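Step one of this worksheet: look at the structure below.
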Amino acid sequence: RSDFPKFDGENPKWWKKQCEKYFRMYTVQPALWVDFATMHFQGNAALWLQTYEAMHMVDNWPALCVAVFAKFNKNKYSRTIDLFFALRQEGSVDDYAHCFEEHMHKILMYNPSYDETFFVNRFLEGLKQEIRVAVKLQHPVTVDVAFACAQTQEALLLKIPVDP
């Protein structure tokens, strides 16, 4: 058996999907879903649950999910967008790309309609000026290609041998 997903207040949409996969995979009776899930709350989420259960009846999965989303998902999309647009390369291209990809997937979790062109342009805008100009000249069509071009440009600027 795989471990049941823990919930600490982060990423409630992912947690809900993982719980439901677990319930289907192990054919857990729907009447037990709330008990299964709430036994695996941790940290701040567990503290919130303790207070919430004292004031509200939590006896079905949809009600639990509504409560969890109301508490832990509020304003997260807006904050995620703000952080995404504030993202700039400060260290290496690798560090920037890692942070960028993490933010990109968080954005897509809330709104999967963004296309590759949007993300390529946003990736380029966050690069350091001396790297961005050279990468833009390559007209990359994917974030992965833009990342590879940025790594090459960074290596050239630092005079690091580039892998073939």
Side-chain angles (χ1 to χ4, degrees), residues 1-127 135 140-151:
R1 283 198 172 227
S2 66
D3 290 335
F4 191 84
K6 308 270 188 252
F7 183 65
D8 62 2
E10 289 297 314
N11 207 338
K13 283 179 80 172
W14 180 86
W15 166 80
K16 179 181 182 279
K17 285 182 181 182
Q18 293 303 108
C19 287
E20 290 172 351
K21 283 180 185 178
Y22 185 97
F23 296 147
R24 281 191 308 276
M25 192 181 323
Y26 296 109
T27 57
V28 176
Q29 298 296 320
L32 300 174
W33 288 16
V34 169
D35 290 337
F36 250 87
T38 56
M39 285 181 358
H40 295 88
F41 277 40
Q42 299 177 326
N44 190 46
L47 293 172
W48 167 82
L49 179 66
Q50 182 179 359
T51 304
Y52 190 84
E53 285 181 323
M55 296 188 299
H56 303 88
M57 183 68 169
V58 184
D59 60 355
N60 66 69
W61 181 246
L64 175 63
C65 291
V66 166
V68 165
F69 277 58
K71 173 62 180 170
F72 296 101
N73 210 32
K74 61 183 175 192
N75 301 325
K76 285 216 174 182
Y77 183 39
S78 179
R79 285 196 316 264
T80 300
I81 288 173
D82 289 344
L83 291 171
F84 183 67
F85 278 95
L87 189 61
R88 298 285 181 267
Q89 179 191 357
E90 294 177 14
S92 71
V93 168
D94 287 351
D95 291 344
Y96 169 66
H98 176 77
C99 286
F100 181 89
E101 192 163 277
E102 183 179 312
H103 284 78
M104 179 179 79
H105 290 297
K106 287 178 181 178
I107 294 280
L108 287 169
M109 192 176 66
Y110 290 104
N111 186 349
S113 65
Y114 286 107
D115 66 4
E116 191 75 19
T117 301
F118 168 79
F119 288 113
V120 168
N121 285 325
R122 183 60 213 109
F123 181 83
L124 294 174
E125 287 306 309
L127 288 169
V135 175
V141 294
T142 69
V143 172
D144 288 340
V145 170
F147 173 43
C149 291
Q151 284 178 308

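Quick caveat: nothing in here was measured; it's all calculated off a predicted structure. We use all heavy atoms of the structure for the numbers below, so side chains are in, but hydrogens, waters and symmetry mates are not.
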Legend entry - Mutual orientation of the aromatic rings belonging to Tyr52 and His56 [parallel < 30°, tilted 30-60°, perpendicular > 60°]: parallel
Legend entry - Gap between atom CD of Glu101 and atom CG of Leu108 - 0.5 Å precision: 10.5 Å
Legend entry - Aromatic ring proximity, centroids under 6.0 angstrom, Phe7 and Phe72: yes
Inset, instruction - Please report the shortest heavy-atom distance between Asn73 and Pro12, naming the atom on each side. - result: OD1-CG, 3.7 Å
Inset, instruction - Hey, could you give me the NE2/OH distance between His105 and Tyr110, rounded to the nearest 0.5 Å? - result: 15.0 Å
Legend entry - Nearest-0.5 Å distance, CG of residue Asp144 to CZ of residue Phe147: 8.5 Å
Legend entry - Shortest non-hydrogen separation from Thr142 to Val120 and the atoms involved: C-CG2, 3.3 Å
Inset, instruction - Taking all heavy atoms of Pro5 and all of Cys19, pick out the closest pair and write down the distance. - result: CG-N, 3.7 Å
Inset, instruction - Find out whether Trp48 and Val68 are in side-chain contact, i.e. whether some heavy atom of one side chain is under 4.5 Å from a heavy atom of the other. - result: yes
Inset, instruction - Tell me whether the centres of the aromatic rings in Tyr96 and Phe123 are closer together than 6.0 Å. - result: yes
Inset, instruction - Side-chain contact test, heavy atoms from C-beta onward, threshold under 4.5 Å: evaluate it for Val141 versus Glu116 and give yes or no. - result: no
Inset, instruction - Starting at CZ of Arg122, measure out to CE of Met104 and round the result to the nearest 0.5 Å. - result: 12.5 Å
Legend entry - Minimum heavy-atom distance between Val145 and Pro140, given as atom pair plus value: CG1-CB, 3.8 Å
Inset, instruction - On the 0 to 90° scale, with breaks at 30° and 60°, tag the Phe4-Phe36 ring pair as parallel, tilted or perpendicular. - result: tilted
Inset, instruction - Tell me, yes or no, whether the heavy-atom count around Glu53 atom CD, taken from other residues, nucleotides or ligands under 6.0 Å, exceeds 12. - result: yes
Legend entry - Pairs meeting criterion side-chain hydrogen bond (donor to acceptor under 3.5 Å, both in side chains) with involvement of residues 6-16, two or more places apart: Lys16-Glu20
Inset, instruction - Nearest 0.5 Å please: distance from the CZ atom of Phe69 over to the CG atom of Leu64. - result: 10.0 Å
Inset, instruction - Rounded to the nearest 0.5 Å, what's the gap from CG on Leu49 to CD on Gln42? Could you check? - result: 12.5 Å
Legend entry - Beyond-backbone contact of Thr80 with Ile107, side-chain heavy atoms, under 4.5 angstrom: yes
Inset, instruction - Report the relative orientation of the aromatic rings in Phe119 and Phe84; use parallel for angles under 30°, tilted for 30 to 60°, perpendicular for over 60°. - result: perpendicular
Legend entry - Any side-chain heavy-atom pair of Trp33 and Asn60 under 4.5 Å: no
